[in-house]
Number of protein chains: 2
Amino acid sequence: MTTDAPTAKRRAGRPKQNVLSPRLIHETALRLIDEHGVDGAGMRAIAKELGVRPSSLYNHVAGQAALVAGVRDLVSERIPTEPFTRLPWDAALEQWALGYRLAFASHPPTIALLAVQPLDPDSATSLMYDAVAAALVRAGWPEERALSVIVALECFILGAALDLAADQTMLDPGPRTDVPGFSGVYRARASALAATGVSPADDAFEIGLRSMLIGLRAEFAALPSGGVARETTPGATTAGEKIAG
Amino acid sequence: MTTDAPTAKRRAGRPKQNVLSPRLIHETALRLIDEHGVDGAGMRAIAKELGVRPSSLYNHVAGQAALVAGVRDLVSERIPTEPFTRLPWDAALEQWALGYRLAFASHPPTIALLAVQPLDPDSATSLMYDAVAAALVRAGWPEERALSVIVALECFILGAALDLAADQTMLDPGPRTDVPGFSGVYRARASALAATGVSPADDAFEIGLRSMLIGLRAEFAALPSGGVARETTPGATTAGEKIAG
DNA sequence: ACCTGAACACCGTTCAAGT
DNA sequence: ACCTGAACACCGTTCAAGT
């Protein structure tokens with residue numbers, strides 16, 4: 001329906017030119033997820049979209065699990081790691097977090113899908129971890145702590161991406177009167193954000209990321225290796241200083 | 001198979017005594033999720049476990065969406081909020097985070113399921129938000145910022161719960177030699193943690209939670225209302241001080 | 001090797017028929 | 001009101017048969 005050529009009906013038997021490839025299948029899956037949600041991107045729907053029989057897909061992907069692994073790689077490839085080659089570790093982590101969340105935010109329904117699946121060792125995701133890990137160690141983080149720093153930040157990013165994927169009115173307490181504390185802060189935030197145009201999800205992400213980076217800088221400064229903060233961003237907020245609005 | 005009484009075969013027609021209830025269905029669903037994962041807890045599996053026909057369930061739950069909402073409420077109810085009634089805001093948030101993660105950690109497969117679904121306004125979850133929100137405002141957080149603080153921390157907690165649900169060897173880069181930075185930090189952490197008995201997920205959660213709380217204390221201290229940190233834990237780490245191992 | 005076509009073993013959900 | 005029993009419209013996956 002949304003594809004290209006007027007697919008003339010195909011007879012059984014191997015076609016002279018391949019009509020499928022793993023890449024094509026993964027990209028179609030991602031597009032269908034974007035358009036119709038995760039439930040609109042099953043094997044049968046993908047086959048239909050490609051003008052092909054469901055069983056044909058199994059010549060290129062092992063099954064549904066392999067399919068979602070491929071889709072995740074597609075999304076992961078778009079997370080830029082080049083900030084780690086030119087910025088101090090904390091500023092690079094911040095850029096990485098923004099890019100990471102954005103990559104998944106572009107495909108909301110994928111998040112829950114991809115976050116749980118075990119990592120395929122031969123994936124683009126491994127290359128991303130390599131770039132981040134190497135940069136942290138270079139900056140002075142102890143080798144045995146770097147990975148937990150990465151995972152901790154990643155936890156926040158994935159949670160924030162989930163929050164972004166959820167309906168923004170998810171937390172609306174409605175006209176209940178038995179939760180005044182909740183209703184109060186909900187309405188206060190709503191009107192404050194309405195004035196600035198910032199979305200609730202962006203607001204929470206911003207304060208969370210800022211807080212975590214402040215904390216990580218403090219942890220870094222407190223390392224046994226001393227205040228040898230070789231590459232921390234000069235003048236960045238590390239403590240209870242006033243934060244620029 | 002794992003249930004109680006020797007269910008004698010039932011004839012059609014309304015039984016004198018109800019055999020089902022929403023609560024029973026939700027609890028059975030949660031138990032099946034724990035035992036066989038999310039895929040082993042469909043409508044048909046729940047019915048079978050209860051010795052009943054699938055169609056019977058629809059007399060008590062509207063459908064699958066309503067079912068997972070019920071399961072979420074079951075899990076949410078176990079998150080304690082009483083720390084907010086007796087501790088400073090930052091210490092209470094820390095206890096809340098521990099309890100929150102633990103509640104979901106006890107039922108790993110539920111996490112991805114529950115995090116995306118919109119919140120039912122008439123749910124136990126609303127009561128939890130109410131307790132947290134009221135405590136933050138009481139402590140001196142501006143009403144329009146409290147909710148984003150809660151959501152930011154919640155993002156990290158949910159991400160950490162996802163991480164906990166995932167296979168702990170998920171990140172194992174294996175014997176690859178093209179990602180030395182990644183392999184290095186992975187092995188360094190593995191041997192460091194092997195000595196202490198701490199799990200990778202716990203390690204990341206610990207550093208992330210500590211960092212975020214340090215950051216939030218800094219944000220709090222930097223509020224326009226000044227350093228009126230009425231209830232912050234005395235002597236807690238707020239800046240680049242040495243953190244107790 | 002790579003497609004079709006038919007089949008298998010599943011789903012969630014609906015609804016009339018019973019009590 | 002609340003259960004059974006049968007049916008409907010779906011799934012993912014397998015596999016022989018074609019080229």
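So you know, we letter chains A, B, ... as the sequences are listed, proteins then strands, and number each from 1. Remember, it's a predicted structure, so these values are computed and weren't measured experimentally.
For B:K48 and D:dT4, the NZ to C1' distance is 17 Å, given to the nearest whole Å. A:R11 has its CZ atom 13 Å from the C1' atom of D:dA17, to the nearest Å. Taking atom CG on B:L50 and atom P on D:dC3, their separation rounds to 10 Å, with Å as the unit. Rounded to whole Å, the distance from CG on A:N59 to C1' on C:dC2 is 5 Å.
Salt-bridge check for A:D202 with A:R101: passed, with a basic side-chain N closer than 4.0 Å to an acidic carboxylate O.
When the side chain to side chain contact (heavy atoms under 4.5 Å, CB included) test is applied to A:T28, the partners found at least two apart in sequence or on another chain are A:L24, A:R31, A:L32, A:I46, A:E49, A:L50. Residues satisfying the ring pair (Phe, Tyr, Trp, His ring centres under 6.0 Å) test with B:F156, not counting sequence neighbours, are B:F205. Remark: B:Q95 pairs with no residue by the side chain to side chain donor-acceptor pair (under 3.5 Å) rule, at least two apart or across chains. A search for side chain to side chain contact (heavy atoms under 4.5 Å, CB included) contacts involving B:D34 returns B:L30, B:H107, not counting sequence neighbours. Checked against side chain to side chain contact (heavy atoms under 4.5 Å, CB included), A:S55 has the following partners two or more places apart in sequence or in another chain: A:R53. The side chain to side chain contact (heavy atoms under 4.5 Å, CB included) search around A:P180 returns B:D130, not counting sequence neighbours. Under the rule for a side chain to side chain donor-acceptor pair (under 3.5 Å), B:N59 has no partner lying at least two apart in sequence or in another chain. In this view, B:E82 and B:R86 satisfy the side chain to side chain donor-acceptor pair (under 3.5 Å) rule, not counting sequence neighbours.
Contact between the side-chain N/O atoms of B:H60 and the OP1/OP2 oxygens of D:dC3 is found at a separation under 4.0 Å. B:R10 has a side-chain polar atom (N or O) that falls below the 4.0 Å cut-off from OP1 or OP2 of D:dT4.
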(message) So if I define the base as every atom that isn't primed, P, OP1 or OP2, how would nucleotides 6-16 of chain D read as a B/S/- string at a heavy-atom cutoff under 4.0 Å?
(response) -B---BBBBB-

Kindly list each side-chain donor-acceptor pair under 3.5 angstrom involving residues 181-192 of chain B, sequence neighbours excluded, with atom names and distances?
{"unit_1": "B:S183", "atom_1": "OG", "unit_2": "B:V179", "atom_2": "O", "d": "3.2"}
{"unit_1": "B:R189", "atom_1": "NH1", "unit_2": "A:S148", "atom_2": "OG", "d": "3.4"}
{"unit_1": "B:S191", "atom_1": "OG", "unit_2": "B:R187", "atom_2": "O", "d": "3.1"}
{"unit_1": "B:S191", "atom_1": "OG", "unit_2": "B:A188", "atom_2": "O", "d": "3.3"}

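Within residues 12-21 of chain A, the residues that have a heavy atom under 4.0 Å from DNA chain D are, in order of number, A:G13, A:R14.
Residue A:A29 comes nearest to A:V71 through the heavy atom pair CB-CG2, 3.9 Å, listed as atom of the first residue, atom of the second, then distance.
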(request) Using a 3.5 Å limit on both pairing distances, list the dot-bracket string of DNA chain D from the 5' end; Watson-Crick and G-U wobble pairs count, crossing pairs take [ ], interstrand pairs take |. (result) ||.|||||...|||||.||

